[in-house]
Amino acid sequence: MAPLKVGYPAALPAELAALFPASAEIELIPIPANPQSEIAIDFWIPPPAAALGEKIWPHLRGVKTAQSMMAGTEWLTKLVGPHVTVCNAQGAHSISTAEWTMAAILSMLKYLPLYRDLQQQSEWCSRKQGSAVYAALHQDTRPQFPPIMQEELHGKRVLIVGYGDIGKTIERMLTPFAVEITRIARTARGASAAGPEVHAVAELDALLPHAEIVILILPHTAESHGLIGAKQFALMPQGALLVNAARGPIVQTEALIEALQSGRIRAAVDVTDPEPLPADHPLWKSQNLLITPHVAGSTPQFSPRAIRIAVEQVRRVVAGEPLRFIVQQAQ
Ligand SMILES: NC(=O)c1ccc[n+]([C@@H]2O[C@H](COP(=O)([O-])OP(=O)(O)OC[C@H]3O[C@@H](n4cnc5c(N)ncnc54)[C@H](OP(=O)(O)O)[C@@H]3O)[C@@H](O)[C@H]2O)c1
């Protein structure tokens, strides 16, 4: 039988390409960033960036499976069309993205962006600044003694929207902080041996008033597009923290700016709409906001994890076993 032709980014470091076993059943084909001619492959591992994948795709022939190195596959599914099976790299980003989420939550509750700003001005202004932020965010006019400098994660009510691999990893990391966790996914399920109770997304509005921290970690789809808008911000408790580690367009940008500027909520976002955020975009200057430029999933451990997933998928194809992590089955 002809070997399975596996195309992978030529830029992949040799030690990662070496994770594929030497086997007569597979033929490894490095795909350059700018192919000059047609390349026939069965199984494609596209580069992580959409712009690179889009340059390569018109030169590929015969692709039956596209195995993303990422958890999100929106651009890839659109690019290859309905006749290719698309799989994501579920789990490859879970630890890194969950750790970013924890760092973002703790940074916001400990006012680290504020203190970093003060550091830039060589200002040792510990007490009053923290208290002023707390009082404004929580609309709490009671005098605090001693003045408040930070807030605690301990005991907070946390709503995780998206309870997949990353949502579950976030929950594991949050658990030692003794928080009260509520979960939302596409479909509801009751508590069982398989896991805790999960609410349906239809219950989002009813659950928001109880959430001091709202974590978005779901895919961007037609259903989740603009899920969080003015109505949802209005439902959140005063001073709630929104953490978007998912995709920018899940939050309505204008509504986010309004909710931040009016002092209703605070937010930490790794993703924005649009991306990249233009230099003159009002989000940059919004108060009580931490922005990182879509970096949450990128750690040195990510690529080896993603390639190991691809290696296992290739083994499955060769062995005639079903693929895992299918996000689109070829029609
Ligand atoms: N910032 C970054 O660098 C970064 C890195 C990695 C991933 N991400 C984002 O994180 C997302 C989640 O990753 P994952 O690996 O955890 O995915 P996953 O394992 O596929 O889980 C996705 C979860 O989202 C839920 N969901 C899907 N559509 C929904 C909707 N309309 N409303 C509510 N919940 C919905 C699913 O519900 P069911 O369980 O009911 O199916 C599932 O629980 C990715 O799609 C990607 O967009 C971001």
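Counting starts at 1 for both ligands and their atoms, in listed order. The basis for the numbers below is simple: all heavy atoms, side chains too, and nothing from hydrogens, waters or symmetry mates.
Under the side chain to side chain contact (heavy atoms under 4.5 Å, CB included) test applied with Ser224, the options Val251, Val201, Ile250 reduce to a single match, Ile250. Among Met236, Arg157, Gln232, the one residue that satisfies the side chain to side chain contact (heavy atoms under 4.5 Å, CB included) test with Val214 is Met236.
Under the 3.5 Å distance criterion, the side-chain polar atoms of Gln287 are matched with a main-chain donor or acceptor of Leu260.
Two residues are said to be in side-chain contact when any heavy atoms from C-beta on lie closer than 4.5 Å; Val6 and Ile29 fail this criterion. The shortest side-chain heavy-atom distance between Gln313 and Cys87 falls under the 4.5 Å cut-off.
Taking atom 5 (C) of ligand 1 as the reference point, the nearest protein heavy-atom neighbour is Thr97 OG1, 3.3 Å. In this structure, the protein non-hydrogen atom closest to atom 13 (O) of ligand 1 is Ile166 CD1, 3.4 Å. Looking at atom 24 (O) of ligand 1, its nearest protein heavy atom turns out to be Pro219 CD, 3.4 Å.
Inside a 4.0 Å radius of atom 17 (O) of ligand 1 there is not any protein heavy atom.
Salt bridge annotation for Glu312-Arg316: present, with a cationic side-chain nitrogen under 4.0 angstrom from a carboxylate oxygen.
Both the backbone and the side chain of Ile217 come within contact range of ligand 1, each with a heavy atom under 4.0 Å. Residue contacts with ligand 1, taken as heavy atom pairs separated by less than 4.0 Å, involve Arg186 via backbone and side-chain atoms alike.
Taking every non-hydrogen atom of Gly297 and a distance limit under 4.0 Å, the qualifying atoms of ligand 1 come out as 3 (O). Ligand 1 places these atoms under 4.0 Å from at least one heavy atom of Ala246: 9 (C), 47 (O), 48 (C).
Taking 4.0 Å as the cut-off, Arg189 counts as a neighbour of ligand 1 on heavy-atom distance.
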